[in-house]
Number of protein chains: 2
Amino acid sequence: MSASKTRRQIVDVADRLFYEHGFDATSFADIARDVGLSRGNFYYHFKTKDEILAAVIAQRAARTRAMLEAWEQDAASPGERIRSFVHLLIANRTKIMAHGCPVGTLCNELAKLDHMAKDDAVRLFSLFRNWLSRQFAALGRDADADALALHVLMRSQGVAALATAFRDEDFIRREVADMETWLQAQCPAASFGHSRQPV
Amino acid sequence: MSASKTRRQIVDVADRLFYEHGFDATSFADIARDVGLSRGNFYYHFKTKDEILAAVIAQRAARTRAMLEAWEQDAASPGERIRSFVHLLIANRTKIMAHGCPVGTLCNELAKLDHMAKDDAVRLFSLFRNWLSRQFAALGRDADADALALHVLMRSQGVAALATAFRDEDFIRREVADMETWLQAQCPAASFGHSRQPV
DNA sequence: GCATTTGTAGGGCAAGCGTCCTACAATGGC
DNA sequence: GCCATTGTAGGACGCTTGCCCTACAAATGC
């Protein structure tokens, strides 16, 4: 098997395990077992655990960028794009109720561990923050675009945190609906499309 | 030194270390060092690490209950009481920016570790949830009191999460002010006291 | 002043950690 | 068909973990 393919497998598995069990609680052996590699052979692909973390964060950043660009293409209006973001909460509800927001929980853990890569993880947040900010600016809210972006991000983090604690799917849908109402109120003139009822 | 006093010291130190570095990353040795006890002697006071965690959670629950009762006494109106809760974000801003919300981060970590005590940690959330719910009910919002309580809890969790990531004190004050405005709008008839400007 | 309880010190245990090394199988260029 | 490169297996390393034990000091009861 080619090295790059094995490497990608390692990063995929590590990504999943870091999300499900946390970075610190995931051991080299755990990743190796799931990839089907011998423990020691890891050294060939990744010298240290931190190196794996860096690769995982880089991959998440790349995928996030791709997702945001796709929304930029697909969604008709900035308002629709923001709705796409908000609806991530519903699309990923099962995983969120089990393990929280991948970005938020990673940032929290790395902050507690006072880990080098902490700032890199926060940069994942910044991707969303800047993208949301641009959408709000496009809606004519240039003056407070960044504050609005942080507000949306804040809400989704809060929803994810409580959804994990209480495992309440209705709560998620209720708060998403509330965010949509809020969104409409922010830019009454803008077209947000038809406000679909949550399923 | 009396056993109960040493025990209390252990729980206090463990509480702090669990908050600052997380449960998993805090070792027996770390706690022992900070208390000034020999490593091995822990066995006398606590058989297992989980036992320490249970004691820490129990202490947090007791202190939370005491705080909520104090607010019940001090604050004139239910609205003022809810404000007391919201202003925790500002009062504890430094610690929150460094280590997040003590309850939220603990729940997240225990969920990832799939730890026995997970539900006990969530019960800390429920203390706030039920208390807030009672305040909203007292404001005449019986029908959706619990949903409103969850909404307030959700917001404070979101603010704490992003405050940790971006270390932005202004963001905290802005969102607290926004929550106060929202609060006024929820129960226009109720007395919320004068809306102080955040310092 | 002796005996029992209460609390502490220090170290040992097996297991697991991240890391690192060496030996070997598979592959592809020449 | 030989050789260098690429990738893998398996285990050893030093360390730390949670946990447990025994020996001893200090306090307490009678």
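In what follows, chains carry the letters A, B, and so on, assigned in the order in which the sequence lines appear, proteins first and then strands, with residues in each chain numbered from 1. Any value given below was found using the heavy atoms of this structure, including those in side chains, with hydrogens, waters and symmetry copies removed.
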Which residues share a salt bridge (Lys or Arg N to Asp or Glu O under 4.0 Å) with B/K49, sequence neighbours left out: none
Please list every donor-acceptor pair under 3.5 Å in which a side-chain atom of residues 146-163 of chain B meets a protein atom from a residue at least two apart or in another chain.
from, atom 1, to, atom 2, distance (Å)
B/D146, OD1, B/R129, NE, 2.9
B/D146, OD2, B/R129, NH2, 2.8
B/H151, ND1, A/E175, OE1, 3.0
B/H151, ND1, A/E175, OE2, 3.1
B/H151, NE2, B/R155, NE, 3.2
B/R155, NH1, B/D178, OD2, 3.4
B/S156, OG, B/V152, O, 3.4
B/S156, OG, B/L153, O, 2.9

Among all residues two or more places apart in sequence or in another chain, which pass the side chain to side chain contact (heavy atoms under 4.5 Å, CB included) test with B/E109? B/F23, B/D24, B/L113
Between C/dG10, D/dT17, D/dA9, which one does the side chain of A/L37 approach most closely? D/dA9
Please table the atom pairs, donor to acceptor, closer than 3.5 Å between any side-chain atom in residues 61-71 of chain B and protein atoms at least two apart or in another chain.
from, atom 1, to, atom 2, distance (Å)
B/R63, NH2, B/D12, OD1, 3.2
B/T64, OG1, B/R60, O, 2.7

Assess whether a salt bridge exists between A/D114 and A/K118, defined as any Lys/Arg side-chain N lying under 4.0 Å from an Asp/Glu carboxylate O. yes
Name all residues meeting the salt bridge (Lys or Arg N to Asp or Glu O under 4.0 Å) criterion together with A/D142; count only those two or more places apart in sequence or in a different chain, and write none if there are none. none
Give me the residues of residues 46-54 of chain A where at least one heavy atom lies under 4.0 Å from an atom of DNA chain C, by number, or none. A/T48, A/K49
Please check the phosphate of D/dG7 (OP1 and OP2 only) for any side-chain N or O of A/Y44 closer than 4.0 Å. yes
Sequence neighbours excluded, which residues qualify as side-chain hydrogen bond (donor to acceptor under 3.5 Å, both in side chains) partners of B/D34? B/R16
Mind jotting down which residue pairs meet the salt bridge (charged side-chain N to carboxylate O under 4.0 Å, His left out) criterion with at least one end in residues 87-96 of chain B? Sequence neighbours excluded, please. B/R93-B/E169
What parts of residues 13-28 of chain B reach DNA chain D, counting only heavy atoms under 4.0 Å away? B/T26, B/S27, B/F28
C/dG7 OP1/OP2 closer than 4.0 Å to side-chain N/O of B/T6: no
